[in-house]
Number of protein chains: 2
Amino acid sequence: MLKLSKKTDYAIILLAHLGGQIDPVSAQEVASIYKLPYPMVANILKQLLSSGLIKSTRGQNGGYVLRRSAGDINLSEIIRITDSTFALVECVHEEDACKVYQCCPTSRPLIALHHKIQQFVEDTTLANIIEDTKSKNFRVKKSSYETAHLS
Amino acid sequence: MLKLSKKTDYAIILLAHLGGQIDPVSAQEVASIYKLPYPMVANILKQLLSSGLIKSTRGQNGGYVLRRSAGDINLSEIIRITDSTFALVECVHEEDACKVYQCCPTSRPLIALHHKIQQFVEDTTLANIIEDTKSKNFRVKKSSYETAHLS
DNA sequence: TGAAATAGTACTAATTAGGTGCTAATTTGA
DNA sequence: TCAAATTAGCACCTAATTAGTACTATTTCA
């Protein structure tokens, strides 16, 4: 259906929130701030943890923090973790031999599109997203990522 | 999952084939050429018909032809018919009020990405795809749509 | 009239997405 | 030291979407 899963949506929200905090944030806390279902949030955080994007501390006052700086985390990684590796068409990661037909007409234009999207998600960092959110209410200038990373 | 459905994949293949023919092509014929399941092909063609992208003639020697020229049909339309209207994130078509949170951090960068993709699929015509397929075995120059429509 | 096709619709099966539940382990503060 | 807060690691369920099939009717042409 060519859309991001809610899991990815949520993950971006969660990570952007963590990026704006210094102390650990608990699953409970983020869930209530953004009014998301707690079990879902907890699940996604666990997944982000096991993928090494965030680190955790248990017990009272425990929670999660980013493992790397927000500028070091890009959208591509997040999508890979919560959505699966991005492939607009299956054949994009299978260098040779289209299963359907040797001269399958879809390949080239769609593969070009795939690479464009890939480029964008790699160039967009969590820091870009956070910055963008902060300036959101003051819509004076265009956000940086738009001018910096795309034609 | 951020990928095109097989239906869309198939639809592009079918339409590209029709675009290269003058006489009506039957569902049976395309199915056998591309080794796709006949009922699937037939179904998609019916859908493309009812959406007005192709026209049909019944009976012996019947089949389907494009209703408009290949240069007049773009990827966006095809995706809309076989995949549903493209929306990278739900909120992209709901001008106001994010359901999740007023300052939802995802919106802007993802909406920017959405528009980039939208631009691409609108600029890529069936003619581009067909042309590209023909030149595929002679990988001398880059295909036209790449230079013409993207950064 | 019969074969080759489309037309329309409804159905089934497989996969994915979204969401939940349970129990264990760990930390902290009273 | 104990109870509460919190993560850890599973396994599970349900609903939605995708993929593919089936059947019957209609049209056309030789």
Side-chain angles (χ1 to χ4, degrees), chain A residues 1-11 13-14 18 23-32 34-65 67 79 81-87 89-90 99-100, chain B residues 1-11 13-14 18 21 23-32 34-65 67 79 81-90 99-100:
Chain A
M1 236 226 290
L2 204 50
K3 78 171 187 193
L4 290 176
S5 67
K6 285 196 181 167
K7 234 168 133 181
T8 299
D9 266 10
Y10 293 168
I13 294 175
L14 303 182
L18 296 191
D23 294 327
V25 184
S26 74
Q28 199 58 257
E29 201 176 335
V30 221
S32 79
Y34 296 98
K35 304 201 168 51
L36 303 175
Y38 166 76
M40 198 69 205
V41 168
N43 238 345
I44 293 169
L45 286 168
K46 284 175 217 171
Q47 202 175 343
L48 294 172
L49 179 85
S50 73
S51 307
L53 230 51
I54 57 181
K55 54 188 176 184
S56 66
T57 49
R58 295 193 195 192
Q60 255 177 348
N61 309 323
Y64 299 91
V65 291
R67 181 175 286 276
I79 291 174
I81 293 168
T82 51
D83 233 70
S84 81
T85 299
F86 167 54
V89 283
E90 281 178 22
K99 281 170 206 154
V100 176
Chain B
M1 237 229 286
L2 204 50
K3 78 170 186 193
L4 291 175
S5 67
K6 286 195 181 168
K7 232 167 133 181
T8 300
D9 265 12
Y10 294 169
I13 294 174
L14 304 183
L18 296 191
Q21 307 294 316
D23 295 326
V25 184
S26 73
Q28 198 58 258
E29 199 176 335
V30 221
S32 78
Y34 296 98
K35 303 200 170 54
L36 302 176
Y38 167 74
M40 198 68 203
V41 168
N43 236 346
I44 294 169
L45 286 168
K46 283 174 218 170
Q47 202 175 342
L48 294 172
L49 179 85
S50 74
S51 307
L53 230 50
I54 57 180
K55 54 188 176 183
S56 66
T57 49
R58 296 195 194 190
Q60 258 180 346
N61 310 322
Y64 300 91
V65 291
R67 181 175 285 276
I79 291 172
I81 293 168
T82 52
D83 233 70
S84 82
T85 299
F86 168 55
L88 188 67
V89 284
E90 281 178 21
K99 281 170 204 154
V100 175

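First the proteins, then the strands, lettered A, B, ... as listed; each starts at 1.
- B/Ile81 has its side chain within reach of B/Leu48: a pair of non-hydrogen atoms, C-beta onward, lies under 4.5 Å apart.
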Find every protein N or O atom lying less than 3.5 Å from an N or O atom of nucleotides 24-30 of chain D, and list the pairs.
{"from": "D/dT26", "atom 1": "O2", "to": "B/Arg58", "atom 2": "NH1", "distance (Å)": "2.9"}
{"from": "D/dT27", "atom 1": "O4'", "to": "B/Arg58", "atom 2": "NH1", "distance (Å)": "3.0"}

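- Nucleic acid contact class of A/Leu45 (heavy atoms, under 4.0 Å, all strands): none.
- B/Ser56 has a side-chain polar atom (N or O) that falls below the 4.0 Å cut-off from OP1 or OP2 of C/dA7.
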Table of protein N/O atoms under 3.5 Å from nucleotides 12-15 of chain D N/O atoms:
none

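- B/Asp83 CG to B/Thr8 OG1: the interatomic distance, rounded to the nearest 0.5 Å, is 3.5 Å.
- Atom CD1 of B/Ile54 and atom CD of B/Gln47 lie 10.0 Å apart (nearest 0.5 Å).
- Atom OH of B/Tyr64 and atom CG of B/Leu18 lie 10.0 Å apart (nearest 0.5 Å).
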For this session: For A/Thr57 and A/Val65, run side-chain contact (heavy atoms from CB on, under 4.5 Å): C-alpha distance rounded to whole Å, both residues' side-chain angles, the deciding distance at 0.1 Å, then the answer.
Result: CA-CA 9 Å; A/Thr57 49; A/Val65 291; over 6 Å; no

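- Side-chain contact between A/Lys6 and A/Met40 is absent, with no heavy-atom pair separated by less than 4.5 Å.
- When every heavy atom of A/Gly62 is checked against every heavy atom of A/Pro24, the shortest pair comes out as C-CB, 4.0 Å.
- Remark: A/Leu14 CG to A/Leu53 CG distance equals 11.0 Å, nearest 0.5 Å.
- Closest of all the heavy-atom pairs between B/Lys3 and A/Ala87 is CB-O, 3.0 Å.
- Within the model, atoms OH of A/Tyr38 and CG of A/Leu45 stand 9.0 Å from one another, a figure rounded to the nearest 0.5 Å.
- For D/dA5, neither phosphate oxygen OP1 nor OP2 lies less than 4.0 angstrom from any side-chain nitrogen or oxygen of A/Ser26.
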Problem set entry | Letter per nucleotide, 5' to 3', of nucleotides 12-22 of chain C [B base touched, S only sugar-phosphate touched, - untouched; heavy atoms, 4.0 Å] | -----SSBB--

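- When the C1' atom of D/dT6 is taken as reference, atom OH of A/Tyr64 falls 8 Å away, rounded to whole Å.
- Within 4.0 Å (heavy atoms only), A/Ala27 reaches sugar-phosphate atoms of the nucleic acid but no base atom.
- Residues B/Leu88 and A/Leu2 are not in side-chain contact: their nearest non-hydrogen atoms beyond the backbone lie 4.5 Å or more apart.
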